[in-house]
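To find a chain, count down the sequence lines: A is the first, B the second, and so on, and within it residues start at 1.
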Amino acid sequence: MTSLRAPEVPAGVVRTRFCPSPTGMVHVGLMRTALFNWAHARHTGGQLVFRVEDTDASRDSEESYEHLLGSLRWLGIDWDEGPEVGGPNGPYRQSQRHDVYREVAAALLESGHAYESFSTNEEVDARRRAAGQDPKLGYDNADRFLTDAQKQAFRDEGRAPVLRLRMPDEDLVWTDLVRGEVRFAAGSVPDFVLVRGNGVPLYPFVNPVDDALMGITDVLRGEDLLPSTPRQLALYAALTEIGVANGTPRFGHLPYVMGEGTKKLSKRDPQANFDVYPERGFLPEGLTNYLALLGWSIAEDRDVFSPAEMVEAFDVTRVSANPARFDVKKAEAINATHLRDLPLPEFTSRVTPFLVGAGLVADPPTADQQAVLEAIAPLAQERMIVLSDAVGLLGFLFTDEVEIEPAAADKQLKAGAGAVLDAATAALTALGDWTTAAVETALKEALVEGLGLKPRNAFGPVRVAVSGRTVSPPLYESIELLGRERTLARLAAARRQAAD
RNA sequence: GCCCCCAUCGUCUAGCGGUCCAGGACGCCGCCCUUUCAAGGCGGUAGCACGGGUUCGAACCCCGUUGGGGGCACCA
């Protein structure tokens, strides 16, 4: 027997967990799972346990572990027990829990719930074929009742046994939090391996053991794990009988996050990599909102909400069971509305690191740069989708010379543009008072009235000359902020490039 | 092959037996506003996979079909 015991969890308290393996890239589907566990815990006033499943030394790395922590914190997910915060049920890294697994495995063997199995895969296959069965059926439970003499004979051959759990002879059923009742018929799941021949415990064993020992009440995970649930149910029953677990947790299997086509979003899909969102300047609250929409909805006629509102309303039971396609366009639209909702100072301070990163402003910005930034911020805010858009949109205000985008030149600096730029140059050169209003009046007089142009044709070339692009903040304000000298220099530079 | 999951506009979804000739959002299209592009406002486009039941009544319940996905390891 063992002294290992699950902690007492008061009735009604919800404890969820998030237990990734730190192997390389952080997948958006993984973060969606983390988010739902977090929301469920916070909504119910329960706890979220963070455990690291780093048992595969060849694939796990400290670097991706750190990276994962960073991604979680960036999204705004916090946990009550786990790495960095500790807790009474640690250690929270599986690589430090070998003794626990060894002890539980021994107790399971001793109690007869598990047994030693010596069959090789080849032998199992051969037996199934001999019986006219499909080898795909897997292990045939043949070693369940080996005698001590038989076991010894195998050992004498030099075989090291695996430890298998004896599956019960009854249907395995549970009420899934998102799918309702799910049933696997008795006998449809073979006795599975808990511990390898070399003594290394396997995922289907350590995962429920840790969940039990950490007092997890609600397991919310991807639907890819649904077929392994019957085995875990059997394991829980055994763990409960030997006094390690306090019963079986509730399970909820979250739908897949899909990529293009009909396939699950794979590591190869560029949008699967969580990093691209922070890098592009998605807002944590914007991405949280979008990720939440992948399988959940807050109300019939609403899909924009804050993380706090999500926590307030979240109900696992109302998570959809069907797979959701990750739609970058919609994610952008949701983010853009969060971006526009930001108070101006907040918006400005969030944009600044992106301008710094692009080398456009100093770190921290100079007083002049800060003044320009604050002046342009309200005008930029409503034409951006992600924070990094600021680099392209506002770059022209923070450089001496601007490079005109080829596409913009093709569009706006063709025939007729020369005359427009000449007229604009003349009007602005003569301008006394360099203010937005004066610039507006001067340009309208010179171009719309003077040249008889439609506004769209009149201001296109000027905009491209000044900003280098066809999309920019409002023109007159931009010109005022740019100042006379730089504006005239750019007009002249564009004039050299423009057709008459 | 066996087991399991899923099935409402192109996409994400609301709908949990009548209030649905199906609502919202993204996308797309058009109009308005307008100095460009956006944003905003207004309008439009488009869907209950199919077949049987159950019921006075079905997008909603049951069965089947079809389609899609996943699993069947001494990986996690």
Side-chain angles (χ1 to χ4, degrees), chain A residues 19-21 23 53-56 58-60 94 117 119-121 133-139 160-164 176 178-179 182-185 188-190 192-204 206-207 222-230 253 255-256 258 261-264 290 293-304 318 320-334 336-337 340 379-385 389 393 408 411-412 440 443-444 447-448 453-464 467 469-476:
Chain A
C19 50
S21 293
T23 56
E53 309 224 326
D54 54 349
T55 50
D56 188 344
S58 64
R59 295 199 303 157
D60 298 323
Q94 288 188 333
S117 169
S119 295
T120 62
N121 287 332
Q133 296 167 334
D134 188 341
K136 277 255 166 94
L137 287 171
Y139 178 65
V162 299
L163 192 67
R164 288 184 188 270
D176 197 273
V178 347
R179 284 150 215 274
V182 181
R183 173 182 299 269
F184 284 74
S188 62
V189 185
F192 66 101
V193 176
L194 265 16
V195 182
R196 280 187 193 165
N198 63 7
V200 174
L202 264 16
Y203 167 83
V206 300
N207 179 275
E223 76 170 284
D224 48 328
L225 268 339
L226 190 144
S228 74
T229 308
H253 290 90
Y256 279 114
M258 313 284 285
T262 54
K263 294 290 182 197
K264 178 181 162 187
Y290 180 67
L293 256 16
L294 259 19
W296 182 72
S297 63
I298 194 165
E300 180 164 345
D301 53 359
R302 179 175 172 215
D303 61 10
V304 174
R318 297 182 57 84
S320 162
N322 42 340
R325 186 156 283 116
F326 192 96
D327 181 354
V328 177
K329 277 279 203 309
K330 176 127 184 183
E332 289 175 345
I334 295 283
T337 103
R340 273 171 220 117
L379 306 172
Q381 188 173 18
E382 65 188 25
R383 36 204 95 203
M384 287 168 42
I385 290 169
D389 289 344
L393 191 67
K411 205 169 165 191
Q412 293 292 354
E440 175 172 2
L443 286 180
K444 278 185 173 165
L447 306 179
V448 180
L453 292 172
K454 281 187 186 163
R456 61 163 55 227
N457 297 326
F459 297 103
V462 178
R463 175 182 306 279
V464 168
S467 73
R469 314 179 132 226
T470 55
V471 179
S472 81
L475 227 209
Y476 315 129

task = Nearest 0.5 Å please: distance from the CG atom of A:N207 over to the CG atom of A:L202.
result =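 One finds 11.5 Å between CG of A:N207 and CG of A:L202.
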Gap in Å between the two [atom1] atoms, one belonging to [N] and one to [M], rounded:
N: B:C74; M: B:C16; atom1: C1'; value: 45 Å
N: B:A73; M: B:G64; atom1: P; value: 27 Å
N: B:U8; M: B:A49; atom1: C1'; value: 10 Å
N: B:U19; M: B:A59; atom1: P; value: 9 Å
N: B:C26; M: B:G18; atom1: P; value: 29 Å
N: B:G27; M: B:C9; atom1: C1'; value: 11 Å

Just to confirm, is there a sub-4.0 Å distance from OP1 or OP2 of [N] to any side-chain nitrogen or oxygen of [X]?
X: A:T470; N: B:U36; result: no
X: A:R164; N: B:A73; result: no
X: A:N322; N: B:U8; result: yes
X: A:R196; N: B:C75; result: yes
X: A:K330; N: B:G27; result: no

query = Is A:R302 side chain donor-acceptor paired with the B:U13 base, going by distance under 3.5 Å alone?
reply =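 Answer no: no donor N or O sits under 3.5 Å from an acceptor.
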message = What I want to check is whether an N or O donor and acceptor connect the side chain of A:R325 with the base of B:C12 at under 3.5 Å.
response =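 No, no donor-acceptor pair under 3.5 Å.
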query = Between A:F192 (CZ) and B:G71 (C1'), how many Å, whole number?
reply =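 Whole-Å distance recorded here is 15 Å.
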Comparing A:P201 and A:K329 on RNA chain B - which has the more 5′ nearest nucleotide =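 Closer to the 5' end of RNA chain B: A:K329.
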